[in-house]
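In what follows, chains are A, B, ... by sequence order, proteins preceding strands, each numbered from 1.
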2 protein chains.
Amino acid sequence: MVKSTIKDVARVAGVSLKTVSRIINNEPTVRDETRQKVLAVIEELNYQPDMSARNLRGNKSYAVGLVYDNPNPYYVVEVQQGVLAACRELGYSLQIHPCNAESANIVEELADLVRHSRLAGLVIAPPISEDDAIVDALHARGIHLVRIISADKAPKGDIPCVFINDRAAAHAVAEHLIGLGHRGIAFLWGQEEHHSSGERFAGYRNALLEHDIPVDDGLILKGEYSFDSGFRRTLTLMEGPHRPSAIFGCNDEIAAGALAAVKSMGLSVPADVSIAGFENSPFSKQAQPPLTTAAQSIGDVARQAMLLLVADMRPQAGQEGTATVNEIIPELIERPSTGPATA
Amino acid sequence: MVKSTIKDVARVAGVSLKTVSRIINNEPTVRDETRQKVLAVIEELNYQPDMSARNLRGNKSYAVGLVYDNPNPYYVVEVQQGVLAACRELGYSLQIHPCNAESANIVEELADLVRHSRLAGLVIAPPISEDDAIVDALHARGIHLVRIISADKAPKGDIPCVFINDRAAAHAVAEHLIGLGHRGIAFLWGQEEHHSSGERFAGYRNALLEHDIPVDDGLILKGEYSFDSGFRRTLTLMEGPHRPSAIFGCNDEIAAGALAAVKSMGLSVPADVSIAGFENSPFSKQAQPPLTTAAQSIGDVARQAMLLLVADMRPQAGQEGTATVNEIIPELIERPSTGPATA
DNA sequence: AAAGTCCTAGACAACGTTGTCATTGCAAGA
DNA sequence: TCTTGCAATGACAACGTTGTCTAGGACTTT
């Protein structure tokens with residue numbers, strides 16, 4: 001029950017403090033016999049190193065921060081879970097930091113956070129991660145960070161980054177719809193501030209152009225990443241001059257809203273209208289019918305980001321040239337919400 | 001830019017380490033003149049005390065854990081924000097810990113968390129906070145904790161707690177509907193495992209009984225706290241033998257689903273059907289029309305809980321008898337989704 | 001005037017860990 | 001046999017902070 005210290009372990013094992021320390025830190029210069037003996041004692045006493053003491057002594061830390069300004073709770077929770085999973089694997093603890101990218105002194109705020117909580121580094125999620133001014137300023141202050149962004153290629157500079165190739169994935173979704181014979185394909189944007197929206201739109205647009213399908217501005221609606229936004233814009237769309245035969249929502253929440261709207265008009269999916277989403281979130285799985293979407297486990301992405309951050313902070317010998325960039329291409333997942341276009 | 005320590009402050013101010021320490025900790029035995037001088041230096045050097053050193057020296061900690069197993073991301077994010085706000089006020093840091101109450105060794109897991117991360121205490125959110133076995137076991141191990149639960153009176157025992165009187169609030173919502181002339185009032189449950197569902201149902205039921213309105217089992221449907229569940233059950237309900245004139249959703253998400261379902265049938269709200277929710281979440285504000293609901297800012301509740309936890313951990317002199325229990329009664333918020341019953 | 005009390009402030013040790021340097025023992029090379 | 005080198009271990013200080021104890025001065029009390 002009582003907390004045991006390295007001192008207790010050393011006393012019981014009959015070795016010095018330093019030897020125990022060496023074993024805890026996997027240093028090589030310990031005789032195997034000694035190591036076994038000490039490990040047994042550690043087990044017996046249920047010893048766990050004290051983080052505060054470690055941090056203090058080493059002036060380093062086993063805590064990282066997760067910075068985000070995304071208003072979508074589903075997104076936030078998934079990112080948290082992913083980073084948290086990686087933290088547990090690596091023995092780090094996590095400090096969450098919701099914030100506002102618009103705030104004037106956001107850079108100061110984050111720098112203070114890092115100092116005050118002795119954070120080893122930051123994982124920065126979109127959309128704030130896509131603000132180069134903020135990211136560069138933090139990097140310039142010597143703060144270790146990794147960012148998750150939407151892009152079709154790795155950004156310049158040497159800031160570690162996980163980039164999600166939304167453009168390629170949206171291209172695949174659009175081609176899937178085109179392959180089913182659809183020509184009037186509507187596109188419902190998410191917030192323009194999120195790069196992901198623009199990237200997904202680019203993928204959609206490129207696919208249409210490649211197949212010589214005119215890009216009809218009347219079928220492209222700006223809006224935001226929400227069920228409600230998808231619902232309302234779909235009603236607008238369906239009352240317009242050319243009804244689309246397919247709707248591509250910038251994410252699953254939008255697509256679920258579109259689905260509800262289409263059903264509320266007495267139409268059926270996919271017989272009358274095909275609907276595709278993006279993200280493979282619970283919305284797409286629970287919808288009736290389930291939505292065609294693109295898999296991009298945000299949790300996995302977040303986990304990757306955390307691993308990358310740690311790799312960047314402690315470059316292992318021999319890993320010198322390891323890429324600090326990781327590309328993720330979401331995969332198309334076909335579900336019943338999309339079907340052949342009817343004449 | 002460089003981190004400054006208490007030593008730097010002492011040197012620049014021309015006082016001893018201890019004096020600076022006293023000032024940081026608001027100890028009384030410092031001359032005011034000295035205090036001002038040192039505070040100026042602290043400001044100038046942008047000094048911030050090092051948590052690791054503090055924790056180590058005092059064998060105490062300025063970190064708390066937030067434990068939750070609620071699957072609803074909206075709920076989770078709000079609770080996090082509330083606790084985080086209180087943490088910032090009090091100078092604590094927060095360690096989030098999503099978990100699974102069903103897990104066999106959940107108590108061990110939490111106890112390890114507290115030891116390993118040197119947590120000063122835990123804030124436990126529902127529904128895991130409503131599991132007495134878990135809470136009692138943690139308390140028995142001497143772990144400081146506070147729990148957020150749904151109840152109509154304070155629970156026995158001396159475990160600090162914020163209890164939300166959902167029963168009283170649901171009673172008020174039901175009376176509001178009854179006052180508008182409604183008699184056929186449907187009730188859509190959330191998960192039965194959440195005490196809040198049962199409490200809200202009890203409030204609803206009591207109100208009906210007090211007004212001599214028969215409780216019609218055909219109008220009471222079990223389900224869960226989700227838009228989808230509200231949507232589907234409402235369709236079922238409206239196809240049934242006695243259509244209700246009002247629907248009381250166990251939370252706003254359910255009510256929003258009910259609203260969408262009713263609208264999808266071509267009916268209008270509140271002319272044809274009145275709809276009320278619970279929680280005053282974004283769902284109730286963004287709905288068209290906005291939903292009558294009961295205000296219970298989860299964020300505030302969470303903040304209160306954190307304050308209570310800290311009060312319990314450091315009993316101030318004179319506060320000896322301070323209640324470690326806090327009742328919160330959500331207030332009725334009337335919005336356009338409820339109107340007079342039509343004959 | 002001496003003794004006691006209060007207020008303010010400093011010296012020092014300690015929290016648990018790890019980096020630096022020193023020490024021991026033993027095998028290989030001269 | 002006597003270095004030389006290397007592997008294994010230990011002694012000690014230091015990280016930044018605060019608890020305990022003590023000291024000096026001003027003020028009150030007898």
### Summary
Nearest heavy-atom approach of A/E78 to A/G299 is OE1-N, 3.3 Å
### Task
To the nearest 0.5 Å, tell me how far B/C161 SG sits from B/E327 CD.
10.0 Å
### Query
Base, sugar-phosphate alone, or nothing: which one does B/S21 contact when heavy atoms must sit under 4.0 Å apart?
base
### Task
Nearest whole angstrom, please: distance from the P of C/dT17 to the CG of A/N26.
16 Å
### Task
Starting at atom CE of A/M51, determine the distance to atom P of D/dG16, rounded to an integer number of angstrom.
19 Å
### Message
In this structure, how many angstroms lie between the C1' atom of D/dT9 and the NZ atom of A/K37, rounded?
### Response
11 Å
### Task
Heavy atoms only: give me the nearest B/A151-B/F163 pair and the separation to one decimal.
O-CD1, 3.4 Å
### Message
Considering every strand and a 4.0 Å limit on heavy-atom distances, what is the contact class for A/D50: base, sugar-phosphate, or nothing?
### Response
sugar-phosphate
### Task
Starting from P on C/dA9, measure out to CD on B/E33 and report it in whole angstrom.
8 Å
### Estimated bend of the helix from C/dA1-D/dT30 to C/dA30-D/dT1 (axis per five terminal pairs, rounded to 10 degrees)
50°
### Query
Salt bridge check: are B/E108 and B/R141 linked by an N-O gap of less than 4.0 Å?
yes
### Task
Using only heavy-atom distances, decide whether a donor-acceptor pair under 3.5 angstrom links the side-chain of A/R22 to the base of C/dG19.
no
### Message
Minimum heavy-atom separation for A/V135 and A/L145, please, with both atom names.
### Response
CG1-CD1, 3.9 Å
### Message
Please tell me if B/S16 has a side-chain N or O lying less than 4.0 Å from either OP1 or OP2 of C/dA9.
### Response
no
### Task
In whole angstrom, give the distance that lies between atom CD1 of B/I24 and atom C1' of D/dT18.
10 Å
### Task
Determine the interplanar angle of the A/Y62 and A/Y92 rings, folded into 0 to 90°, and report it as parallel if under 30°, tilted if 30 to 60°, perpendicular if over 60°.
tilted
### Query
A/L17 CG to C/dT18 P: how many Å, rounded?
10 Å
#### Entry: Touch class at under 4.0 angstrom, heavy-atom based, for A/N55 against every strand present
nothing
## Note on the structure
Judged by nearest nucleotide, the residue sitting upstream toward the 5' end of DNA chain C, B/R57 or B/R31, is B/R31
### Closest-nucleotide ordering on DNA chain C, the 5'-leading residue of B/T34 and A/I6
B/T34
### Query
NA contact type, A/T29, heavy-atom cut-off 4.0 Å: base, sugar-phosphate, or nothing?
base
### Query
So does A/Y62 get a side-chain nitrogen or oxygen closer than 4.0 Å to the phosphate oxygens (OP1/OP2) of C/dT17?
no
### Task
Measure across A/I143 and A/A111 and return the closest heavy-atom pair with its distance rounded to 0.1 Å.
CD1-CA, 4.0 Å
### Task
Tell me what B/S52 touches on the nucleic acid: a base, only sugar-phosphate, or nothing, going by heavy atoms under 4.0 Å.
nothing
### Query
Of A/R35 and B/R54, whose closest DNA chain D nucleotide lies nearer the 5' terminus?
A/R35
### Summary
To the nearest angstrom, the NZ-C1' distance between A/K18 and C/dC21 comes to 11 Å
### Summary
Heavy-atom closest pair (B/A302 atom, B/V79 atom, distance to 0.1 Å) is CB-O, 3.5 Å
### Message
Tell me the interatomic distance from B/R118, atom CZ, to C/dG16, atom P, rounded to whole angstroms.
### Response
7 Å
